[in-house]
Amino acid sequence: MSAMSKIDYKKELNSAQFDAATATKGPFLVIAGAGSGKTRVLVYRTAYLVEQGILPEQILLLTFTRRAARQMLERASLALDDRCQNVSGGTFHSFANTILRRYAEHLGMPKSFTILDQDDSESALNSLKTHLGFQKLDKRFPKKQALMSIISASVNKCLDVDAVIYDEYPHFLQWLEHVRQLKREYQKYKKALGLLDYDDLLVFLNTLLQQHENVRRQLSQQYQYIMVDEYQDTNRIQAEIVRQLASEHDNVMVVGDDAQSIYSFRGANFRNIMDFPKHFSGTRTIKLEENYRSSQPILDLTNEVINNASERFAKELFTNKTGDVKPVYVDVAHENSQSRYIVNKIRALTARGVKLHEIAVLFRSGWHSNDLEVELSSQGMPFLKFGGQKFVEAAHIKDVMSFLRVAYNPVHEIAWQRILTMLPGVGAKTAEGIIQRAGQNFSIDEKTAKKVPVLMKLMGLFQETDAKGEAPLEILKRFLDFYYPLLMDQYDDYDKRLNDLQSLERIALRYDSLESFLADMALEPPEKSMVDAESRARNDSHLVLSTIHSAKGLEWHTVFVIYCAEGYLPSYRALDNAQAIEEERRLFYVAATRAKDNLFFLRPQIDRAPRGGAEAGGLVHTRISRFLEEGDILRKYVTIENDRSPKKNPYKKFEAAFDKDYDYADEVTDRSDF
């Protein structure tokens with residue numbers, strides 16, 4: 001390092017960060033633990049390389065968002081000077097677009113190729129589906145969004161369409177050959193018109209590098225120093241692109257955390273980071289283990305959780321931050337007890353000065369927060385939800401609520417319109433006539449009855465419903481039986497929506513009248529965009545609800561992780577797959593490492609089994625998540641707290657099926673019956 005350096009790197013960085021930032025020649029793997037300052041390393045390494053006389057144009061920084069690359073280069077410029085702005089920085093896809101524009105003719109493409117956005121790609125698939133006559137097939141043939149998801153997954157995971165359908169869309173197995181054909185026709189269509197979709201950018205760049213040695217050599221010599229952020233999230237194609245670009249010099253540094261590899265559903269490949277030293281001989285591994293986010297008791301727990309992983313890079317996170325409060329584990333009676341415990345605890349925290357936006361509730365799947373959303377709204381506690389729509393804004397929930405709204409108010413035209421558009425054979429004119437007549441006495445004329453036979457059944461259901469006297473759950477079940485066939489016809493991912501409908505049943509169980517149920521379900525409208533939501537989260541006082549996937553990279557003073565039970569976290573979909581369980585472990589680790597000062601884990605003891613599980617829909621005693629049960633975690637690393645919230649139990653009528661003498665307090669420490 002030059003004695004004339006403008007930046008005092010040793011002062012700005014800890015010892016491990018300094019080692020990484022001042023590393024130059026050769027391959028480097030930086031294992032950056034949660035909250036350990038990996039962005040700081042990339043910023044200062046960029047500045048260091050420039051200060052050492054490396055031309056900015058010879059440095060390539062690849063990130064997963066353009067915003068991240070821009071911010072890193074801006075920070076490097078502030079630390080050093082404007083030369084850092086000339087570093088080539090961006091996403092894999094933006095880099096691919098730049099290179100392909102330059103070398104398009106090598107692949108037989110016009111330099112003026114057009115990139116299809118998501119909507120364009122889906123529309124193209126829909127047109128091809130019609131051209132091939134597939135629109136005449138069964139209504140359950142996959143729609144354009146599902147087709148695009150299948151094809152995209154096959155590209156990003158380097159798998160055949162067959163494997164994607166077998167693993168993720170088994171309900172489409174009967175259409176396997178049709179989807180294969182559509183993918184082939186889609187590729188021909190794009191080639192004929194000089195079109196590329198988002199996934200093609202990576203595929204074609206990789207093809208260019210593999211098939212044209214002179215281009216590969218030229219690009220590798222141009223980009224003498226390569227840095228890749230979030231390497232654990234790269235897919236197989238991206239890892240191959242990195243290897244090709246570094247082939248002439250091996251001056252590549254990848255930064256990431258194997259313990260936070262959680263995006264396999266997007267095509268991310270855990271093996272990329274684990275096998276990096278195999279692909280780059282002589283790799284030097286640098287570990288960033290000093291954490292600047294969490295208290296040591298939280299890190300003690302997260303270290304133990306990840307130390308139980310079947311494969312990992314060994315590291316022990318530590319901090320100089322003060323704090324001696326252990327994470328808390330709470331067994332609650334049921335789902336609504338979980339919601340009320342959180343509300344009560346949040347009130348206590350805010351009374352002590354913790355801002356609402358500094359508190360987050362994290363969960364494995366979007367539907368896990370359904371009951372909590374209703375409870376928060378009924379208590380007047382504002383919240384923002386990330387990682388999916390709010391519960392009541394999901395299309396299938398709106399569908400079902402329309403039946404209940406019409407049952408309660410027969411002249412509810414908007415609800416009628418939603419119901420009727422779901423029914424086959426009902427057009428705008430027919431719908432208008434039905435609404436005018438049915439809104440009076442739930443009857444239809446003979447001509448309409450013959451044209452749309454299912455309407456007779458629907459009118460019968462409305463006629464037998466006592467909206468003012470029956471329990472909401474009984475009314476809901478009646479219309480759910482009618483709705484399930486419509487759900488299967490309308491939504492390709494209907495199986496993933498069943499848990500939401502089950503949640504709706506559990507929520508309805510808490511109410512004695514349909515009027516109060518409908519009133520409480522009328523929550524505030526969804527955010528217009530994630531940008532608006534993020535802005536409000538920064539500036540206003542809102543509790544944050546988020547899936548764990550959407551929470552990665554963020555942090556809060558206090559974090560609640562809900563549904564810490566087998567079948568929930570880990571998901572029931574992972575229980576029979578060792579690799580999937582390991583990703584669930586990493587997901588649990590990501591959730592826990594978001595907390596700075598307080599961390600709570602909650603498990604409802606009684607719940608309805610998740611859809612898809614062995615006892616789907618049935619009332620069950622849950623089992624604590626294996627990630628909390630392993631080793632001495634419960635004994636050494638958490639405080640077990642009793643739930644002191646009111647014991648109002650919506651499942652009371654069902655509990656005769658269970659042992660009345662069951663001691664929940666004993667169950668916390670004695671698990672020999674599992």
Side-chain angles (χ1 to χ4, degrees), residues 367 369-371 373-378 380 385 389-444 448 452 454-491 494 497-526 650:
W367 63 273
S369 69
N370 291 346
D371 184 88
E373 292 177 47
V374 175
E375 187 69 28
L376 290 169
S377 293
S378 67
K385 183 175 181 179
Q389 292 173 300
K390 290 182 179 180
F391 175 49
V392 296
E393 293 298 332
H396 49 294
I397 298 299
K398 285 184 173 181
D399 289 346
V400 174
M401 294 303 295
S402 294
F403 290 104
L404 304 187
R405 291 188 176 107
V406 167
Y408 185 77
N409 177 12
V411 294
H412 197 310
E413 289 193 12
I414 296 175
W416 266 119
Q417 287 285 358
R418 189 173 189 96
I419 292 170
L420 295 173
T421 56
M422 289 187 261
L423 305 181
V426 178
K429 187 174 181 180
T430 303
E432 184 180 350
I434 292 170
I435 292 171
Q436 290 177 353
R437 180 163 180 169
Q440 300 171 15
N441 55 8
F442 294 121
S443 65
I444 53 176
T448 303
V452 191
V454 72
L455 273 172
M456 289 297 293
K457 180 180 179 181
L458 177 60
M459 296 306 165
L461 293 178
F462 281 127
Q463 289 169 1
E464 68 182 74
T465 297
D466 180 2
K468 302 295 192 293
E470 284 186 276
L473 179 61
E474 299 308 311
I475 299 172
L476 175 61
K477 284 183 173 180
R478 181 177 300 132
F479 288 103
L480 280 176
D481 288 341
F482 179 84
Y483 177 67
Y484 282 130
L486 301 175
L487 175 77
M488 296 173 69
D489 282 343
Q490 287 201 192
Y491 303 105
Y494 66 86
R497 298 174 185 254
L498 294 173
N499 280 314
D500 280 344
L501 298 179
Q502 194 176 62
S503 289
L504 194 62
E505 288 187 68
R506 290 199 297 268
I507 293 167
L509 182 60
R510 293 158 45 192
Y511 291 85
D512 296 323
S513 75
L514 184 60
E515 179 183 17
S516 59
F517 176 57
L518 291 174
D520 277 359
M521 291 297 288
L523 300 179
E524 62 186 36

Item to check | Pair Glu470-Leu514, side chain to side chain contact (heavy atoms under 4.5 Å, CB included): steps then yes or no | outcome: CA-CA 8 Å; Glu470 284 186 276; Leu514 184 60; over 6 Å; no
Checklist entry - In a check of side chain to side chain contact (heavy atoms under 4.5 Å, CB included) between Phe517 and each of Leu504, Leu473, Ile475, Val374, which one passes? => result Leu504
Item to check | Gap between atom CG of Leu404 and atom CG of Leu480 - 0.5 Å precision | outcome: 8.0 Å
Checklist entry - Between Tyr511 and Pro472, which heavy-atom pair has the shortest distance, and what is it? => result O-CD, 3.4 Å
Next on the checklist: Check this for me: Asp512, atom CG, are more than 12 non-hydrogen atoms of other residues, nucleotides or ligands nearer than 6.0 Å?
Outcome noted: no
Checklist outcome for this item: The ring pair (Phe, Tyr, Trp, His ring centres under 6.0 Å) partners of Tyr483 (sequence neighbours excluded) come to none
Checklist entry - Given the rule in the side chain to side chain contact (heavy atoms under 4.5 Å, CB included) test, do Leu455 and Leu420 qualify, once you have shown the distances and angles that lead to the verdict? => result CA-CA 9 Å; Leu455 273 172; Leu420 295 173; 3.9 Å; yes
Item to check | Test side-chain contact (heavy atoms from CB on, under 4.5 Å) applied to Ser402 - qualifying residues, sequence neighbours left out | outcome: Ala415, Arg418, Ile419
Checklist entry - Atom CZ in Arg478, atom CZ in Phe403: separation rounded to 0.5 Å? => result 13.0 Å
Next on the checklist: Could you walk me through whether Phe479 and Leu458 satisfy the side chain to side chain contact (heavy atoms under 4.5 Å, CB included) test, starting with their C-alpha distance in whole Å, then the side-chain angles of each, then the deciding distance to 0.1 Å, before giving a yes or no?
Outcome noted: CA-CA 9 Å; Phe479 288 103; Leu458 177 60; 4.3 Å; yes
Item to check | Non-neighbouring partners of Thr421 that pass side-chain hydrogen bond (donor to acceptor under 3.5 Å, both in side chains), sequence neighbours left out | outcome: none
Item to check | Leu487 side, atom CG; Arg497 side, atom CZ - distance, nearest 0.5 Å | outcome: 7.0 Å
Next on the checklist: Nearest 0.5 Å, please: how far is CE in Met422 from NE2 in His396?
Outcome noted: 12.0 Å
Checklist entry - Does Gln490 have any side-chain hydrogen bond (donor to acceptor under 3.5 Å, both in side chains) partners at least two apart in sequence or in another chain, and if so, which? => result none
Checklist outcome for this item: Sorted by chain and number, sequence neighbours left out, salt bridge (charged side-chain N to carboxylate O under 4.0 Å, His left out) with Glu474 holds for none
Checklist entry - Does Asp489 have any salt bridge (charged side-chain N to carboxylate O under 4.0 Å, His left out) partners at least two apart in sequence or in another chain, and if so, which? => result Arg140
Item to check | Residue list, side-chain hydrogen bond (donor to acceptor under 3.5 Å, both in side chains) with Tyr491, at least two apart or on another chain | outcome: Asp399
Item to check | Partners passing side-chain hydrogen bond (donor to acceptor under 3.5 Å, both in side chains) against Tyr408 (at least two apart in sequence or in another chain) | outcome: none
Checklist entry - Looking at CG of Leu486 and CG of Leu423, how far apart are the two atoms once the value is rounded to the nearest 0.5 Å? => result 6.0 Å
